[in-house]
Structures are given as C-alpha cells and as structure tokens.
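Reviewing the structure listed below.
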Amino acid sequence: MKNHIKKSILILSSALLLAACGQKTTTESNGKDAKAKNLTGELTVYTAIEEELIPKYLESFEEKYPDVDLKIVRDSTGVITAKLLAEGKNTKADVVWGTAASSLLTLDKKDMLQGYTPKNSEKILPQYKDSQKPDKWVGNTAFMTGIVVNKAELKKRGLDIPKTYEDLTKPEYKGLIVMPHPASSGTGFLTVSAWLQLMKDKKGWNYMTKLHKNIGTYTQSGSKPAKLAASGEYPIGISLVYSGVQEKQQGAPVEVILPKEGLGWDVEANALIKKSDKSHDKVAKAFLDWAITDDVMKKYYDANGYSTMKNNYEKPEGFPKGVSKKMYKENDLKWAAENRNVILDKWEAKYGSKAEPKEE
C-alpha cells in the first residue's frame, strides 16, 4: 500500500509563539508496504525545508522504508531553532533535516547534537559539513539570498533595476523594498550576517540603517519577499534565490539579481539530536544516511540549483548564472552562530518596528 501524508496544525507553546512565528505544519507519513526492508519504528524530524518540497524529497525514503512512521514538523528556520532551544533536552525531535548549519552550530553549543557520520558522507565537500569526526552536521545544499525585482512594476515607476546592495539605499526606492526578519527567517539572518562580514561591523550596521529607510516591512518568511515582489505589492524583495526563481518559473515578471558585492549563504544541513533514549537511533541514522543519497541529492539540486558535492548536474531552468562564484567565500558560519543572539538583539532594537505582525 502506498504511503499517505496527512497534514495538521502544529500548536507551538505560548512561550515559543512570543519568540518566533511562521507557518506551522505537521506532516505524518505511514508506510505499510511489506515488500520493503525490515526497518520499523517511529521518527520525529524537525525541518525548515520549503513545505512544497518535502513530499518530493521523501518519496525515495518512503519507498525504501515504508514501515517507518515519520512525523515531519516543519517551520521556518528561526522558529525551528527557537523551538529546539526552548525544548532543550526534552525535545521530541530525533533528527533535524534541512535546517541552517549556523542554527545547528548554535544547538551544538548547547550540547544538543550527537556525532554521527552518515554513509558516503565523504562525497560532501569539506566546507559543507562538520570539520570534526564523527560529524555533528552534514549539508545537503546551500541557500542564498538575491534581489528579486518585478521588472514591470519598476518600469511603470520609471525606476532602474538595482544591481548592488548599495543601490537599494537610493531614495527612489523608499518604501518599495521588503526583506525577511532575521529572528524568524534563516534567510534573513544569513543576509544580515553576510552584510556584517562583507562590510565589517560598523559599516554593516550603518548600511542596514540606510536600507531601513527604504524598507516597507520585514517579513516573517524568507520566501515571502519574492512572492510580494512577484505580485507587485513591493517591487523589490531581498529573498531566497530559489524563491525568486520559482516565481519566475510560474510566469511572474521577475528577475533574480545577484548583487556584485557577493551573496550571503548558509548550508541546509542535517543532524542527529542527542537523547538519553536511544530507541530511535537505528531509524534516525538510516534517515540521515538516506538524506545524502544520490537520488535525494539530485532533488535538492533541482530545487535549489546548488549541491554540496561535486557534480555535473544540469542547472535548473531559470537559475541565474554565476551563483557559486558570487557566494561570499569567507562566510564564517561558526562566527554567525556564536554572535547570533547579540546580532538579533541589536537588530531588533534598531529595526524591529517595521516587522510585519506575527501570525497567531
């Protein structure tokens, strides 16, 4: 019998809701095919992977392990990170799948990750996995920010397409730009982190203050600025490159601009949660092995246009050229993790007044 996926609302604790928000979804997958391997059990997976991609990715796991009951808890990176930190040693998560490596490094500082080196992890390039053995985290793909512009709306206003971060501070763009809130969105945080590293601390904050004058709102989702740009509500969105490409593929009059200064990026990675109860370890490790198999790695690439291993994949339609060359080469994920709370507190004090309302 084929696996079935049921969706229901994940109710977060009231304390967590005060700290973060986003789309809250729980997906359960129950396999019943007796022909598959004998692995059985339950597994709770926390993920920040875009919701529409999860069923596509999971197809091969469900085919291979139909007797494993998966509970997929999905939300934005900031919410997943806050949820895990709030739950601490009492978390229900067995593994984290497709969540920012900088967030996983934050969890590791709290001694929440268990070292495990998945099968065939040697094919993952060194910069996209833990430098220690056994691995505390291993990356699937990288995600990065670009500038998503609605060409039709800008033309209607007689405005040029911005090509650089500095262009975004021009007075003619006042009120026309949206970007993700760094506390709730991994995309927002990696963007802020990149600016502070690219421009250095003081210049980075000065830049964000100038940009703030042109911001219409800070969204709670990393993909929403691309959607708002596509609809024309805000013609310029600082957003996931993936999300901008997706809107373009669906026919929106948008272009994804790769700023010449460089792209902020993070690694979409997986990790084993450290728990005293080891009853789910066998299933959890099988999941982490599967998560970097060739089949699903190709799917990550098709969705994101980037892979953490050497490959000769054909670039998906609509992805801008030169993404890998534009990614900021000195991006320090460990620095981002260590300074996360300080950065977010300062950012909130300076710019949080323009954040869009949190969804209840």
Side-chain angles (χ1 to χ4, degrees), residues 21-23 50-53 76-78 143-192 194-195 207-261 263-264 303-305 316-323 326 351-359:
C21 76
Q23 185 177 14
E50 293 294 317
E51 187 171 9
E52 68 273 10
L53 295 174
S76 63
T77 297
F143 59 106
M144 62 290 296
T145 43
I147 303 171
V148 182
V149 299
N150 187 310
K151 297 181 293 183
E153 288 298 321
L154 289 180
K155 185 177 180 180
K156 191 186 300 181
R157 290 173 166 84
L159 298 174
D160 293 332
I161 292 176
K163 300 292 186 182
T164 67
Y165 294 130
E166 196 60 37
D167 284 347
L168 296 177
T169 65
K170 293 179 178 179
E172 56 262 39
Y173 297 127
K174 186 173 183 179
L176 302 182
I177 304 172
V178 284
M179 71 167 280
H181 192 302
S184 63
S185 163
T187 305
F189 181 71
L190 75 85
T191 303
V192 170
W195 287 337
Y207 170 77
M208 285 186 274
T209 297
K210 290 191 292 182
L211 177 65
H212 181 68
K213 296 175 182 178
N214 287 350
I215 294 289
T217 189
Y218 297 99
T219 67
Q220 302 295 333
S221 158
S223 59
K224 189 171 182 179
K227 295 174 182 177
L228 292 173
S231 70
E233 185 173 345
Y234 291 95
I236 303 171
I238 299 169
S239 192
L240 281 170
V241 168
Y242 154 77
S243 298
V245 170
Q246 186 181 46
E247 295 299 329
K248 184 177 181 178
Q249 289 172 341
Q250 293 173 357
V254 299
E255 196 65 50
V256 181
I257 306 300
L258 307 181
K260 71 175 186 180
E261 297 98 330
L263 303 180
N304 297 283
E317 181 185 353
F319 270 85
K321 295 180 180 179
V323 168
K326 287 286 186 70
Y351 317 120
S353 61
K354 285 189 180 180
E356 72 175 358
K358 295 179 180 180
E359 298 175 3

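Atoms CG and CG, from Asp167 and Asp160 in turn, are 8.5 Å apart once rounded to the nearest 0.5 Å. Summarising the geometry, atom CD belonging to Glu166 is positioned 10.0 Å from atom NZ belonging to Lys260; distances are rounded to the nearest 0.5 Å. The NE2 atom of His181 sits 5.5 Å away from the CD atom of Gln220 when rounded to the nearest 0.5 Å. Of the inter-residue distances, the one linking Leu168 atom CG with Leu176 atom CG reads 11.0 Å to the nearest 0.5 angstrom.
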**Study point:** Derivation of the side chain to side chain contact (heavy atoms under 4.5 Å, CB included) call for Ile257 and Thr164
**Key:** CA-CA 8 Å; Ile257 306 300; Thr164 67; over 6 Å; no
Exercise for review: Please lay out, stage by stage, how Tyr234 and Ile177 fare under the test side chain to side chain contact (heavy atoms under 4.5 Å, CB included).
Suggested key: CA-CA 6 Å; Tyr234 291 95; Ile177 304 172; over 6 Å; no
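Of all the heavy atoms in Pro235 and Leu154, the pair that sits closest is CB-CD2, 4.1 Å. Closest heavy-atom contact between Ala194 and Gly264: CB-CA, 3.4 Å.
Residues Gln246 and Glu50 have side chains that never bring a donor and an acceptor to within less than 3.5 angstrom of each other.
Crowding of Glu317 atom CD: a count of heavy atoms from other residues, nucleotides or ligands under 6.0 Å not exceeding 12.
Under the side chain to side chain contact (heavy atoms under 4.5 Å, CB included) rule, Met179 has a single partner from Leu211, Thr219, Thr145, which is Leu211.
By the 30° and 60° cut-offs, the orientation of the rings of His212 relative to Tyr351 is tilted.
Classification of Lys224 and Glu356 as a salt-bridged pair holds, one side-chain N sitting under 4.0 Å from a carboxylate O. Salt-bridge formation is detected for the pair Lys248/Glu255: a Lys NZ or Arg NE/NH1/NH2 atom is positioned less than 4.0 Å from an Asp or Glu carboxylate oxygen.
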